[in-house]
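One structure is given below, encoded as structure tokens.
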Amino acid sequence: MSALTPPPLGAGAMPLRTPGSDAAYRQTNGGGPTNGGRPSNGGRSTTQRSFGQPEPQEPRFTPLYPGQAWPTEQPQYRPTYVPPPPADWHAQQARSYTTEPPKVNRIVTIAALIAVIIGVIAGAGAATVVVALGGGNNAPIADQPNPPVGNGADPKIRTGSVSAVAAALLPSVVQLKVDGADNSEATGSGFVIDNVGHILTNNHVVAAAATGGSIQVVTNGNKTATARLVGRSPAYDLAVVQVVGIDAPSVQFGRSDQAVVGQDVVAIGSPLGLAGTVTSGIISAKNRPVTTGDDTGQASSYISALQTDAAINPGNSGGPLVDMNARVIGVNSAIATVPGAGEGQSGSIGLGFAIPIDQARRTAQQLIANGKASYPVIGASVDMSFEGGGRVSAVAAKSPAARAGLRVGDVITSINNEPVDSAEVLIVAIRTHQPGEAVQLAYERGGRSRTVTLTLAQQIG
């Protein structure tokens with residue numbers, strides 16, 4: 001390593017100030033004079049001592065070595081910077097200088113700090129997870145707390161929906177189990193119509209117990225009670241039974257005359273013994289002439305029915321047909337079957353029939369009040385095999401038909417301007433009226449059309 005050589009001794013009374021002198025970098029004890037060119041500190045050179053910042057320089061500065069850049073004053077934008085000494089300067093002197101700080105972009109610095117902070121946080125979170133997983137809780141999976149599943153609002157029953165109708169009517173609908181005196185059995189449905197336990201159903205459901213036997217009523221709450229037969233009407237295929245203290249609310253009645261084709265309806269009952277069954281559909285037609293009852297030898301139940309495509313099967317008989325306001329508009333009574341279908345093959349084919357509640361309500365009131373009901377008649381018999389109208393086969397003496405001048409062989413073609421094309425249609429049309437009402441009949445005799453007005457009589461049944 002090269003070093004600077006001090007001036008030779010005895011060169012003069014005082015060392016010459018040469019260009020690039022290091023006098024500004026030497027320290028003296030109090031700044032006293034030298035002795036024979038030697039320092040006053042006993043000849044010990046201060047160049048072997050560590051020292052700090054150099055004293056302020058003179059305005060004019062001559063480099064000590066070629067290429068040395070030594071500013072006369074510190075730039076204000078770099079107040080702490082001191083340029084390094086030459087490479088051959090003493091090591092102790094070299095340590096007295098600071099190097100120029102590196103130029104670091106402020107944005108990079110801030111980003112680095114943020115990364116460090118995020119790393120610390122993430123590290124802490126990872127450490128927490130590791131501690132949690134490595135803890136001493138070794139309980140079985142089944143004992144662990146379950147997370148919430150299926151958050152959200154519970155399903156609600158929308159007003160006017162099938163579910164709303166079912167919720168309102170199911171508590172009022174019952175199942176009937178009938179044992180006849182002749183060991184016959186029947187099952188069907190019914191619904192509570194008042195607050196004293198009267199239940200409306202079909203006559204063909206309870207007919208087996210008319211002369212003995214028992215009628216069991218099973219509520220929607222699966223409570224069973226024995227019912228008594230209040231009355232029945234084979235003509236309208238309706239009956240009323242009663243259970244005192246039954247735990248079931250009564251239904252609300254609607255109006256079947258205001259039913260329209262295409263409106264939504266719900267049928268409730270116990271098809272094939274399956275209590276509390278709910279089906280839905282529409283009103284497919286009105287004033288459909290239907291004959292009901294189990295006695296095929298004397299089918300005396302004629303109704304002007306509401307037709308529906310709601311599924312109705314054996315066991316639905318006597319149950320309610322309900323509009324979407326949960327009001328009863330009919331009593332389910334019959335179904336159509338495919339011609340030629342054998343036993344066990346009958347069931348819903350989308351053609352079900354219900355007694356209009358307007359008629360059923362009047363009949364129920366009569367049965368509750370008197371135990372029997374009346375229906376209107378004209379006092380004449382008709383040929384059930386004749387097509388093209390209601391051909392008169394017999395006329396009772398002193399009957400409304402006899403007083404109106406009807407004779408055997410006359411063919412009734414309309415009632416109150418409604419066409420009549422068969423005996424069934426004529427009977428059904430008459431039974432939509434009340435005893436004592438006046439009706440207009442059009443009939444043909446000998447190829448001539450005639451019109452007559454008569455007052456309907458009544459008959460018990």
Side-chain angles (χ1 to χ4, degrees), residues 157-170 172-173 175 187-191 200-202 204-205 236-238 251-294 299 301-360 422 424-425 428 432:
I157 296 179
R158 179 174 55 85
T159 301
S161 64
V162 174
S163 55
V165 173
L169 267 295
L170 277 172
S172 303
V173 180
Q175 182 182 25
T187 61
S189 307
F191 52 96
L200 183 61
T201 186
N202 284 135
H204 72 262
V205 173
Y236 289 114
D237 193 22
L238 292 169
V251 301
Q252 296 291 319
F253 287 105
R255 291 184 56 178
S256 53
D257 64 340
Q258 294 183 352
V260 296
V261 174
Q263 80 173 74
D264 295 327
V265 290
V266 175
I268 305 176
S270 304
L272 306 178
L274 302 174
T277 296
V278 178
T279 56
S280 64
I282 62 170
I283 295 294
S284 303
K286 296 178 63 177
N287 304 317
R288 196 69 90 185
V290 175
T291 302
T292 66
D294 291 335
S301 299
Y302 295 91
I303 59 176
S304 178
L306 297 173
Q307 180 181 325
T308 179
D309 66 348
I312 296 175
N313 290 283
N316 270 114
S317 294
L321 185 68
V322 188
D323 64 18
M324 302 314 291
N325 292 318
R327 297 180 183 273
V328 179
I329 61 173
V331 181
N332 300 318
S333 300
I335 58 174
T337 57
V338 177
E343 184 177 357
Q345 295 179 324
S346 61
S348 175
I349 58 173
L351 297 172
F353 304 97
I355 302 171
I357 198 62
D358 294 347
Q359 178 61 60
S422 66
E424 289 86 354
V425 172
V428 168
T432 61

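Between the Asp323 side chain and the Val265 main chain, no donor and acceptor come within less than 3.5 Å of each other. Checked by atom type and distance alone, the side chain of Ser333 pairs as donor or acceptor with a backbone atom of Val331 at under 3.5 Å. Side chain of Ser270 to main chain of Gly273: no donor-acceptor pair is present (N/O by atom type, distance under 3.5 Å, no hydrogens or angles).
For Gln263, the CD atom is densely surrounded, since the number of other residues' heavy atoms within 6.0 Å is greater than 12.
Of the N and O atoms on the side chains of Ser348 and Asn313, not one donor lies less than 3.5 Å from an acceptor on the other residue.
Nearest heavy-atom pair across Ala326 and Ala168 is CB-CB, 3.9 Å. Taking every heavy atom of both residues into account, Leu274 and Thr277 meet most closely at O-OG1, 2.7 Å. Scanning all heavy atoms of the two residues, the minimum distance from Thr201 to Gly190 falls at CB-CA, 4.3 Å. Nearest approach of Asn316 to Ile268, heavy atoms of both residues: ND2-C, 4.0 Å. Here the closest non-hydrogen pair linking Ile335 and Ile312 is CG2-O, 3.1 Å. Residues Gly315 and Ser189 approach most closely at O-OG, 2.7 Å, considering heavy atoms.
Taking 4.5 Å as the limit, every side-chain heavy atom of Ile303 sits out of range of all side-chain heavy atoms of Gln359. The shortest side-chain heavy-atom distance between Ser317 and Asn332 does not fall under the 4.5 Å cut-off. With contacts defined as side-chain heavy-atom distances shorter than 4.5 Å, the pair Ser301/Asn202 does not qualify. Using a 4.5 Å heavy-atom cutoff, the side chains of Lys286 and Val261 are in contact. Between Asn287 and Ser304, some side-chain heavy-atom pair lies under the 4.5 Å cut-off. You'll find the side chain of Val322 stays beyond 4.5 Å of the side chain of Ile329, heavy atoms only. Taking 4.5 Å as the limit, every side-chain heavy atom of Leu306 sits out of range of all side-chain heavy atoms of Phe353. Counting heavy atoms from C-beta on, the side chains of Val278 and Leu170 come closer than 4.5 Å.
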Please assess Met324 against Val165 for the test side-chain contact (heavy atoms from CB on, under 4.5 Å), listing each intermediate value before the final yes or no.
CA-CA 6 Å; Met324 302 314 291; Val165 173; 4.1 Å; yes

For side-chain contact (heavy atoms from CB on, under 4.5 Å), just list the numbers for Asp309 and Leu351, CA-CA rounded to whole Å, side-chain angles, deciding distance to a tenth of an Å, and then say yes or no.
CA-CA 5 Å; Asp309 66 348; Leu351 297 172; over 6 Å; no

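Put simply, the residue from Thr308, Val266, Ile355 that forms a side-chain contact (heavy atoms from CB on, under 4.5 Å) with Leu321 is Thr308.
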